[in-house]
Amino acid sequence: MSIGKTISEVRKSLKSGEYTCKELTRSYLDKIEKHKNLNAYVTVTADKAMEQAEIADQKIRSGEDGDLLGVPLGIKDLYCTKDIRTTSCSKILSNFVPKYESTVTQNLLDAGSVFLGKTNMDELAMGSSTTTSYFGNCYLPYRASDNPDDEICPGGSSGGSAAATVADLCVASTGSDTGGSIRQPAAFAGLVGIKPTYGLCSRYGMIAFASSLDQAGPITKNVEDCAIMLRAMAGYDPKDSTSLNVDIPDYTKSLNKSVKGLKIGIPENLLSMLDDDGLNIIDTAKKILVDIGCELVSIDISSMEYSLPAYYIIAPAEASSNLARLDGVRYGYRSDNPRGIEDLYVKTRTEGFGDEVQRRILAGTYILSSGHYDAYYTRALKIRQLIKNDFINNGFSKVDAIMTPTTIGPAFSIKNSKNMTPIQMYLSDVFTVTANVIGVPAISLPVGLSRNSLLPMSVQFIGNRLSEELLFQISSAFEKEVCFDSLRMNIRRSIDA
Ligand code: GLN
């Protein structure tokens, strides 16, 4: 029996009876065990997965159908899963077992999918490397050809989901994206990931990082899987006051549609940040777009350079407020033997949060303090509005979508990530944060390999609000010109060995 297929391949095999969902799930669980060294999962829910598989088999036998029926998934450990430990990979939540299910995971369960377990991530979704997890580093099953001794970082914060998906330790996975945490790990792994329009997926039951930026989304092996997953995850939810009350279309209907004549904007000013390798990938991507019939349009969205500073004001500010609830009183980790209530707060939060999270709480609290609020937070919100206007006036009023690199370069090694300063790490989000800051969708997909390391390199397509169908249309045409499988061939080989 072969696993490591896409959603539609798995569905076909389940339907035809080539294997049962229980057999499939068991083989995934075995593979997770075998590749434990990747540290892609922090909790494996084997028993529950087998129960869900049994139910899926019964439904399949009785003739029920559904895009995700019986499909085994990996779930980022930031989604609250009822009666299953949910930690956001922080010590402060290391004993937290939610009494409720997040809306997104409930939607996936309702669609009949099977959850294999919870995937590793940067602590509380803050990071770009999955090296700040309380449960230790996660690894991509890759080696750079020019430096084969160093372990490769899966990006972050959804690094466990990317590693699990590319190593075939699940069919597809969920991530979350506040400033790039779906797209950057997807790019490092050579996978597809979409951050939808703000409000398309409910945030109910997702451990909050920065509420005005956080969005759920999938990380998948191809564009079709991404379309299937997003449709299942999205939908209006009265439990989230920012949830959009819009119909969720069948995104797979957008696949295979012609893209002839669509205008793709290229913000040339941004490309100056790239080295030859990065420019080469952009050139390849441009050629593909021309080949599939799109028209390239140079655009100038100069405000984009202010997205990163605005993001690193807004995100820590909101994080400091959201994380105030983690104080050792209501739930989660509590420090032993405190001397009074103040000492309880101080000790619990000092011991419970890692360095990066503490850095953000400190920065955020400063930003929101009465003397600095206007100078930083209010100003960042004004800049946010200016960037939005710039995108409308100089971007979406002229072109259908905008293409940028997803990351500055390919996946870095774990060793290098440890030597990076926080600012260097923040700079790795330079292309991704804008879509979050202005609330629009963006999809990342691989283009080719970097010349020296032979690691995947990706671009992202950014669309106007609720243009997911268009983004899937462009991505599916683009994907056909890229040999995704050969991109990941060396990994497959190393995983199957
Ligand atoms: N890397 C970014 C940060 O650390 C984005 C994280 C995310 O999208 N969750 O803030």
Side-chain angles (χ1 to χ4, degrees), residues 75-79 87-90 104 119-133 138 153-162 173-189 193-196 198 201 203 206-219 307-323 353-364 367 380 384 406-409 411-412 417 420-444 460 462:
I75 304 296
K76 186 175 182 177
D77 200 29
L78 144 158
Y79 291 90
T87 70
S88 214
C89 289
S90 178
V104 162
T119 58
N120 206 349
M121 55 182 282
D122 279 302
E123 184 183 3
L124 291 157
M126 297 175 196
S128 312
S129 58
T130 314
T131 56
T132 68
S133 165
C138 173
C153 175
S157 61
S158 314
S161 289
S173 58
T174 60
S176 72
D177 194 311
T178 304
S181 280
I182 287 174
R183 289 161 287 154
Q184 187 248 23
F188 278 9
I194 188 167
K195 183 215 80 88
Y198 182 76
C201 292
R203 288 181 297 110
M206 286 169 75
I207 311 253
F209 168 6
S211 307
S212 77
L213 301 158
D214 295 345
Q215 257 304 283
I219 295 181
S307 297
L308 197 69
Y311 173 85
Y312 274 101
I313 296 292
I314 297 168
E318 294 182 9
S320 74
S321 165
N322 275 325
L323 299 183
F353 291 126
D355 288 350
E356 181 57 30
V357 174
Q358 294 199 23
R359 185 176 298 118
R360 308 253 185 145
I361 293 175
L362 284 174
I367 290 161
R384 183 180 210 172
T406 309
T407 59
I408 293 190
F412 36 80
S417 78
M420 283 159 86
T421 65
I423 300 286
Q424 281 169 330
M425 196 59 97
Y426 300 166
L427 276 173
S428 58
D429 306 320
V430 66
F431 295 122
T432 48
V433 290
T434 306
N436 304 77
V437 168
I438 66 173
V440 298
I443 186 166
S444 174
Q460 64 171 342
I462 307 174

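In listed order, ligands and their atoms are each counted from 1. All values below were derived from every heavy atom in this structure, side-chain atoms included, with hydrogens, water molecules and symmetry-related copies excluded.
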Which atom of [X] lies closest to which atom of [Y], heavy atoms considered:
X: Ala187; Y: Ser444; result: CB-OG, 3.9 Å
X: Ala216; Y: Ile182; result: C-CD1, 4.0 Å
X: Ser181; Y: Gly127; result: OG-O, 4.0 Å

Practice problem: Using a 4.0 Å heavy-atom threshold (strictly under), name the region of Asp429 that reaches ligand 1: side chain, backbone, both or neither. | Solution: side chain
Test your reading of the structure: does [X] have an N or O sitting under 3.5 Å from an N or O of ligand 1?
X: Gly156; value: no
X: Gly179; value: yes
X: Gly127; value: yes
X: Tyr311; value: yes

Quiz item: Which residue, Arg360, Glu123, Met126, Arg359, forms the side chain to side chain contact (heavy atoms under 4.5 Å, CB included) with Phe353?
Solution: Glu123
Quiz item: When you measure from atom 3 (C) of ligand 1 to every protein heavy atom, which one gives the shortest distance, and what is it?
Solution: Tyr312 OH, 3.3 Å
Could you tell me whether ligand 1 has any atom less than 4.0 Å away from a heavy atom of [X]?
X: Ala315; value: no
X: Arg360; value: yes
X: Tyr426; value: no

Quiz prompt | Straight-line distance of Leu78 CG to Phe209 CZ, nearest 0.5 Å | solution = 10.5 Å
Practice problem: Drop me the distance from Ile207's CD1 to Thr87's OG1, to the nearest 0.5 angstrom. | Solution: 8.0 Å
Exercise. Counting heavy atoms only, name the option from Ser129, Ser181, Ser128 that's nearest to atom 6 (C) of ligand 1.
Key: Ser181
With heavy-atom distances below 4.0 Å as the criterion, list the atoms of ligand 1 near [X].
X: Asp177; value: 8 (O)
X: Ser157; value: 9 (N)
X: Ala125; value: 6 (C), 7 (C), 9 (N)

Quiz item: Quick one: does Asp122's side chain have a donor or acceptor within less than 3.5 Å of a partner on Ser129's backbone?
Solution: yes
Quiz item: Looking only at atom types and distance, does a side-chain atom of Ser158 sit under 3.5 Å from a main-chain N or O of Gly175, one as donor and one as acceptor?
Solution: no
